[in-house]
Protein chains: 2
Amino acid sequence: MVAAMPYSCGLDAASDVIGGKWKPRILWALHHGPRRFGELRKEIPGVTEKMLIQQLRELESRDIVHREVYHQVPPKVEYSLTTLGESLNEALAPLDAWGADHLAALELTRSA
Amino acid sequence: MVAAMPYSCGLDAASDVIGGKWKPRILWALHHGPRRFGELRKEIPGVTEKMLIQQLRELESRDIVHREVYHQVPPKVEYSLTTLGESLNEALAPLDAWGADHLAALELTRSA
DNA sequence: ATCGTCACTTACCTTTCAGTCAGTACCTGA
DNA sequence: TCAGGTACTGACTGAAAGGTAAGTGACGAT
């Protein structure tokens, strides 16, 4: 095994943070404000509980999302973007716009 | 198995295109002009020939990079960004800047 | 005749990612 | 007493991504 290399560029670091199938969707869902675990599950079609938690934990450990526990019954946990998370989302916006602009072309060249 | 879903948002489409360990680096390397296969190999530390070709072929099939063969001996193949590739790179710039801005913080929270 | 360059190609193996499914703990309302 | 909601946790499994190492073919130089 190789020792961890420092990130070679900003893009490298960023894709490490948003890597994985579900992280971009989570960021997207949180864009409009705090969400409970169950709400996220409903808003992100296809995600399983395991994956959702796993990705949320990773984002939390990177200080992208904040996890707030309300000690109630039934339990309530709210996830929201941190300042860092908000700035990441802003940096992601042009990429989303690019994807939206070229959606048709990209659909045509899927799964070669 | 599920039939291919249409992309749920632009971000979804974009990450499908730049997904994979090496694609962002390839895009980055091509940012400054056309490159030969061997040049890319040298400029992208750690990439193997197999990976480099595989990712280049995928980018080519998505019309992000252009492949130009010069029928010489020894052979010469040049890769360059298409118009679509250039626009993708521009959309990627803010993300790279974000990563660069928060490099130090991100290094600290690696590999939880 | 063999070597080296360049751009691949192939076979095989390991690691990582993602998915299923079952279970936990707590309290509420019927 | 017992189903139901809420937020998890963990074992197991299969698929996909990534890596290693070796080989190919054209041709010019030595």
Side-chain angles (χ1 to χ4, degrees), chain A residues 1-5 7-8 12 15-26 29-30 34-62 65-80 110-112, chain B residues 1-5 8 12 15-27 29-30 34-62 65-80 110-112:
Chain A
M1 222 219 68
V2 192
M5 262 192 309
Y7 293 127
S8 64
D12 195 13
S15 60
D16 187 29
V17 172
I18 57 162
K21 185 167 173 184
W22 302 105
K23 294 210 190 77
R25 287 179 211 247
I26 293 173
L30 290 177
R35 289 285 184 279
R36 303 183 54 168
F37 181 80
E39 290 174 332
L40 286 174
R41 207 182 34 187
K42 277 169 217 142
E43 286 178 26
I44 304 176
V47 74
T48 62
E49 300 196 334
K50 179 195 155 192
M51 279 298 120
L52 186 51
I53 293 228
Q54 200 175 88
Q55 308 291 301
L56 281 169
R57 294 261 190 266
E58 285 175 30
L59 290 171
E60 195 194 349
S61 78
R62 297 303 215 126
V65 309
H66 172 73
R67 179 165 176 270
E68 184 81 35
V69 181
Y70 297 85
H71 293 285
Q72 308 173 347
V73 167
K76 171 176 170 178
V77 181
E78 233 178 37
Y79 295 91
S80 54
R110 280 231 272 188
S111 70
Chain B
M1 222 221 70
V2 192
M5 260 192 311
S8 65
D12 196 12
S15 61
D16 187 30
V17 173
I18 57 161
K21 186 168 173 183
W22 303 106
K23 294 211 190 77
R25 288 179 211 246
I26 293 172
L27 263 347
L30 290 176
R35 288 286 184 278
R36 301 183 55 169
F37 181 80
E39 291 175 332
L40 286 174
R41 207 182 34 188
K42 277 168 218 144
E43 286 177 28
I44 303 175
V47 75
T48 62
E49 301 195 332
K50 177 194 154 191
M51 277 298 121
L52 186 51
I53 292 231
Q54 200 176 90
Q55 308 290 299
L56 280 169
R57 294 258 191 269
E58 286 175 29
L59 290 171
E60 195 194 348
S61 79
R62 297 303 216 127
V65 309
H66 172 73
R67 180 167 175 268
E68 183 82 34
V69 182
Y70 297 84
H71 292 287
Q72 308 172 348
V73 168
K76 172 177 171 179
V77 182
E78 235 178 36
Y79 295 90
S80 54
R110 280 232 271 187
S111 71

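Lettering follows sequence order; numbering is per chain, from 1.
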I need the [X] [atom1] to [Y] [atom2] distance, nearest 0.5 Å.
X        : Y        : atom1 : atom2 : result
Ile26(A) : Leu56(A) : CD1   : CG    : 4.5 Å
Glu68(B) : Arg36(B) : CD    : CZ    : 13.0 Å
Leu52(A) : Glu49(A) : CG    : CD    : 8.0 Å
Met51(B) : Lys21(B) : CE    : NZ    : 9.0 Å

Does the pair Lys76(B) and His71(B) meet the rule for a side chain to side chain contact (heavy atoms under 4.5 Å, CB included), with working shown?
CA-CA 7 Å; Lys76(B) 172 177 171 179; His71(B) 292 287; over 6 Å; no
When the distance from [atom1] of [X] to [atom2] of [N] is rounded to whole Å, what number comes out?
X        : N       : atom1 : atom2 : answer
His71(B) : dC6(C)  : NE2   : P     : 18 Å
Leu52(A) : dA18(C) : CG    : P     : 13 Å
Lys23(A) : dC17(C) : NZ    : C1'   : 10 Å
Ile53(A) : dA11(D) : CD1   : P     : 16 Å
Lys42(B) : dT5(C)  : NZ    : C1'   : 10 Å
Glu49(A) : dG5(D)  : CD    : P     : 12 Å
Lys76(A) : dT6(D)  : NZ    : P     : 12 Å
Tyr70(B) : dT5(C)  : OH    : C1'   : 19 Å

Considering every strand and a 4.0 Å limit on heavy-atom distances, what is the contact class for [X]: base, sugar-phosphate, or nothing?
X        : answer
Arg67(B) : sugar-phosphate
Tyr79(B) : sugar-phosphate
Arg57(A) : sugar-phosphate

If only side-chain N and O atoms of Arg36(A) are considered, is one of them under 4.0 Å from the OP1 or OP2 phosphate oxygen of dT6(D)?
no
Atom pairs under 3.5 Å: protein N/O with N/O of nucleotides 16-20 of chain D:
from, atom 1, to, atom 2, distance (Å)
dG18(D), OP1, Lys21(B), N, 2.8
dG19(D), OP1, Lys21(B), NZ, 2.3
dG19(D), OP2, Trp22(B), NE1, 3.1
dG19(D), N7, Lys50(B), NZ, 2.8
dG19(D), O6, Lys50(B), NZ, 2.1

Walk me through whether Gln55(B) and Glu58(B) qualify under side chain to side chain contact (heavy atoms under 4.5 Å, CB included).
CA-CA 5 Å; Gln55(B) 308 290 299; Glu58(B) 286 175 29; 4.3 Å; yes
I'd like to check Val47(B) versus Arg25(B) (side-chain heavy atoms, cut-off strictly below 4.5 Å). Are they in contact?
no
